[in-house]
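Below, chain A is the first sequence line, B the second, and so on; all start at residue 1.
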Number of protein chains: 2
Amino acid sequence: MSAKAPTVYDVAEHAGVSIATVSRVLRRPADVREATRERVLASVRALGYVPSASARGLAARRTGVVGLFFPDFDAMRETTSFVPDRSGTVPVVRDHASDDDGAAGSDLLYFDEVLRGAEIEAWRNGFVLLVGVGRGADSHTIVSDIAGRVDGLAVLAGSVPDEMLEHIARRIPVVLIAGPRRDDDFDHVSVDNRAGMRALVEHVFAAREADGMLYIRGSIETPDDIERYEGFQDAIAAHPIETRPGVSVVSAEFSRDRARDVATSLVSSGHIPDAIVCANDQMALGVLDALQAHGIAVPGRVLVAGFDGIDAGRHSVPRLTTVRQPMEDLGRAAVHVLSGRLGDPSQPPVTLRLPVSVLVRESTAP
Amino acid sequence: MSAKAPTVYDVAEHAGVSIATVSRVLRRPADVREATRERVLASVRALGYVPSASARGLAARRTGVVGLFFPDFDAMRETTSFVPDRSGTVPVVRDHASDDDGAAGSDLLYFDEVLRGAEIEAWRNGFVLLVGVGRGADSHTIVSDIAGRVDGLAVLAGSVPDEMLEHIARRIPVVLIAGPRRDDDFDHVSVDNRAGMRALVEHVFAAREADGMLYIRGSIETPDDIERYEGFQDAIAAHPIETRPGVSVVSAEFSRDRARDVATSLVSSGHIPDAIVCANDQMALGVLDALQAHGIAVPGRVLVAGFDGIDAGRHSVPRLTTVRQPMEDLGRAAVHVLSGRLGDPSQPPVTLRLPVSVLVRESTAP
DNA sequence: GAAAAGGATGTATGCGCATACAGTGGGGTC
DNA sequence: GACCCCACTGTATGCGCATACATCCTTTTC
C-alpha cells in the first residue's frame, strides 16, 4: 500500500548492517549473533519488511510452491462478471426436497477433497500450494501461468495434453493423479479401480444369486472406466459366465440422465436384471431414479451399486452401496511423491496405487 | 528434470534473436513481426522453455498471484506423515446410516466453497490463486510464506493477528472475509448476518404465533454471533417483547453437543418453547437430536431454525430451515475487491455486504 | 602473549526477465 | 534522389535476494 515496499537494502541500512546479514537473519538465524539478529528483526518490524518471493525464488532457484492442476470442475458455471448485490432485502426461499441433487445443493466434489489433501501434505513438506483450474484456455497459457511458478506440479490425468506435459516435465517434476501408468516417465498416483470394482461385484454376487446382472460402463475410452471394467470381468470370471447367461453390459457415459434412460428402457422392455452395477455413482443414482419412478423395489427386486463414494450416495433412498475412493489421500499422495522427487530427482518413476474400500449400504441389502 | 532449465538467453540464441525479442514474443506478440515470432515460438517448443515466474515477477514488480488464507479448517485432522498403503486388499465396510454427521461423511465445508469462488474470480481477472492454511504456525512464517508471493491477500477475519495484518498491508492490499468492519482501513466482504437473522426470526413468527421462543447464541464474542443477535433483537422489537413473555436467550458456543444438552435440560424442566432459533445450524441440529430423542415433534410441537446453510441441514429429518450464506460469492467478492484495489490503490476502503437468503424447509412448517 | 582457529559480518556477483532507450532498415514523400 | 517516419529489433540495466568468498574480530591454544 505504501509508495514502495521496503527491501533488504532498506532493512540493512536501518539496522546498520549489510544486506547479507539481513538475509541471514531471515534464512539462517543461527549464523548471526543474537544482538545483531534482534536489531535486524526490530528493523524488519519497524519498516514492515516482507521479503519478495520472486527475488528469493530467482536467487535460490526454487520457489517453495507446488501446483495442483485440475480441469474445469464445473463447465456449466457462470463465468459472468461478479457484480455485488447491495440490496438490503433478504429473499425467503421455499426449498423443497428433491431427489435430484441439482442446483439446490453443492456437495463435496472430487476436486475439493483432493485439494484438501494436497494442501495438507504441501504444508507438511514446507511448500505452499498453488491452485490452477483449466477452463479451455489455450494450453500455452497454462504453461506460463502455472509451470513457471512452481517447483513441481500435480495434474489430474487427462486434463492436459501429453505434449504439454512433456514440455513442462523438462523443467519441473510432474505427478499424474488418477490416471494409469502408460509408457511415460511421470510419477503416478491412482486408486485401485480394478480391485475395487472386482470386490464390489463380488459383494453383489454374495448378497444375492444375481443371475441377471447389468453392468453400466462410463465413457469407454477413459482409463478409469477401462480399469473398472477389467475389475468387473475379473469378478465375472470368478463366477463362470456360462452359469450367468443374464450378464450384460451397456454404456451410459458416466451420466445420470443417460443411465436413467437406460434403466427406463430396460423396464419398458420387461427384461429387468437382478442387479445393476454402475461404473460410477452418478449413473447408479440415475438408475435409482428410473426404478423408483416405475415402482421397482431396490433392493427388493433389484440390487444397485455405484463407484466413487460421492456424497449424494449417502443421502439417496435407499442409500447407495459404492466403492469409496480416498480422494484426500490422492491429493496427499501426489504431493508426497512430488516432494520425494524434488528431494531426489534421480529416483525411478513412482507409481502409487491407493487402496479403495467397498461401502455397503441399503441398495444392495440381501 | 533436465540438468538445467532453458532461459530466454537459450531461446534467443537458438532463434538467432535477442532476449528482448523473446520476451516480447511472450508478453506482447503483436510487437513482433510474424516471421520472427514463429521462429521464436519454434525455439521455445524445441527447447522446452518455460519462463520463470520468479524472474518475471522480480522484473515486472508483480506476481500475478492472489492469496487466500484460512485458519486450520480441521484442527483435529491427522497431520501424521503420509504413508502410502500398498496392500492389495479391498476392505468391505458396512456403512450404517447415522444422523450424526460425524466421521463417516465429509460435507462441503465453508472453506471449500469460498475457495472455489475465489479461484473462479481470480481466473477471470487473470490471476492465479495461492492457498494458505494456518495451522498455529508462528505467524512470522505466514508472512514470509504467503505475503511475499502474492499481489494481494484475502484473509478470513480473525485468522491472523491484527498486528500482522498491518504489517502485510504495508506491502500488499488485504481483504478481510466475513468479519465486520472495525476501525481499520482494510477492504471487507461479509454477509448480512443481521438482516438474515431478522428475516429468519420474522419468518418463524409468521409461521406460528410463537409465544415462547428460545434463541440460542453461539460464542458471544464473535462478530458473527453479535450481528446475528442484533438481527434477532430487531425482529423481537418488531414483535413487542411485552407480548412475548416467553422469549429467552442462552448460549451454546456454536456447538452441536452443547445445544443438545441445552435442549435436553429444557425438556426435563418441562418449559418447552414454541420455537427455537439457533445462531448456527450445528446447534439447531443438536436441538433436533434432543427433541427427537424425547419424542417431541418438530415442527409439530416446536419449530426449529438454524443459520449457515450447511449441507447436513438438507439431510436432517425434518430438513432444517436456515439462512444460507453465499459462501462462493464471498470468495468471488473477496478477489473481486482485491482485483479492484490492485487496479486503483487509491480508492477508499470498500465494504461489501453480501445478501443472504432464508431457506424455508420442514423444520418450521406451520 | 603471540599465533592459529573460529565466528561474525561485509563485498561482489548472478539468478532470468521486462523494458527504456538506442539503433537499423525499408517504404513513402515531394 | 534525399529525407523522414515508422516498424521492428538489439543493448543495457535493474528488479531483490542468496551466497561464495574475503575480511575482520574474538577466542583458544601452548
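Counting to the nearest Å, the P atom of D/dG16 and the CG atom of A/Leu47 are 14 Å from each other. In this structure, the CZ atom of A/Arg62 is 22 Å from the P atom of D/dG16, given to the nearest Å. If you take CD1 of A/Ile172 and P of C/dG16, they are 15 Å apart, rounded to a whole angstrom. Rounded to an integer number of Å, the gap from CD of A/Glu13 to P of C/dG10 is 13 Å. Atoms CD1 (B/Ile19) and P (D/dG10) sit 11 Å apart, rounded to a whole Å. Look at CZ on A/Arg24: it is 8 Å from P on C/dG10, rounded to the nearest Å. Counting to the nearest Å, the P atom of D/dA7 and the CZ atom of B/Arg37 are 15 Å from each other. Between the CG atom of A/Leu26 and the C1' atom of D/dA18 there is a distance of 11 Å, given to the nearest Å.
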Exercise for review: Test salt bridge (Lys or Arg N to Asp or Glu O under 4.0 Å) on A/Asp329 and A/Arg332 and set out the steps.
Suggested key: CA-CA 5 Å; A/Asp329 280 348; A/Arg332 289 194 69 164; 5.3 Å; no

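The shortest side-chain heavy-atom distance between B/Asp187 and B/Val174 does not fall under the 4.5 Å cut-off. Within the 4.5 Å cutoff, the side chain of B/Val65 has no heavy atoms near those of the B/Asp151 side chain. Residues B/Arg353 and B/Ser190 form a side-chain contact, since some pair of their non-hydrogen atoms from C-beta on lies under 4.5 Å apart.
Within the 4.0 angstrom heavy-atom criterion, no nucleotide atom of any strand lies near B/Val22. Contacts of B/Ser23 with the nucleic acid, taken as non-hydrogen atoms under 4.0 Å apart, include base atoms. Note on B/Arg27: only backbone sugar-phosphate atoms sit closer than 4.0 angstrom, heavy atoms only; bases stay farther off.
Note: B/Leu115 CG to B/Leu330 CG = 13.0 Å, rounded to the nearest 0.5 Å. In this structure, CG on B/Leu26 lies 6.0 Å from OH on B/Tyr49, to the nearest 0.5 angstrom.
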Tell me which donor-acceptor pairs under 3.5 Å the side chains of residues 7-15 of chain A have, and how far apart each pair is, sequence neighbours excluded?
{"residue": "A/Thr7", "atom": "OG1", "partner": "A/Tyr9", "partner atom": "N", "Å": "3.0"}
{"residue": "A/Asp10", "atom": "OD2", "partner": "A/Thr7", "partner atom": "N", "Å": "2.8"}
{"residue": "A/His14", "atom": "ND1", "partner": "A/Ser43", "partner atom": "OG", "Å": "2.7"}

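Between B/Thr7 and C/dG16 there is no side-chain N or O to OP1 or OP2 distance below 4.0 Å. Contact annotation: B/Thr36 side-chain N/O to D/dT9 OP1/OP2 distance is under 4.0 Å.
Contact annotation: side chain of A/Tyr9 to base of D/dC17, donor-acceptor pair present below 3.5 Å.
Taking only side-chain atoms of A/Ser52, from C-beta outward, the nucleotide of D/dC17, C/dG16, D/dT9 with the closest atom is D/dC17.
Within residues 53-61 of chain A, the residues that have a heavy atom under 4.0 Å from DNA chain C are, in order of number, A/Leu58, A/Ala59, A/Arg61.
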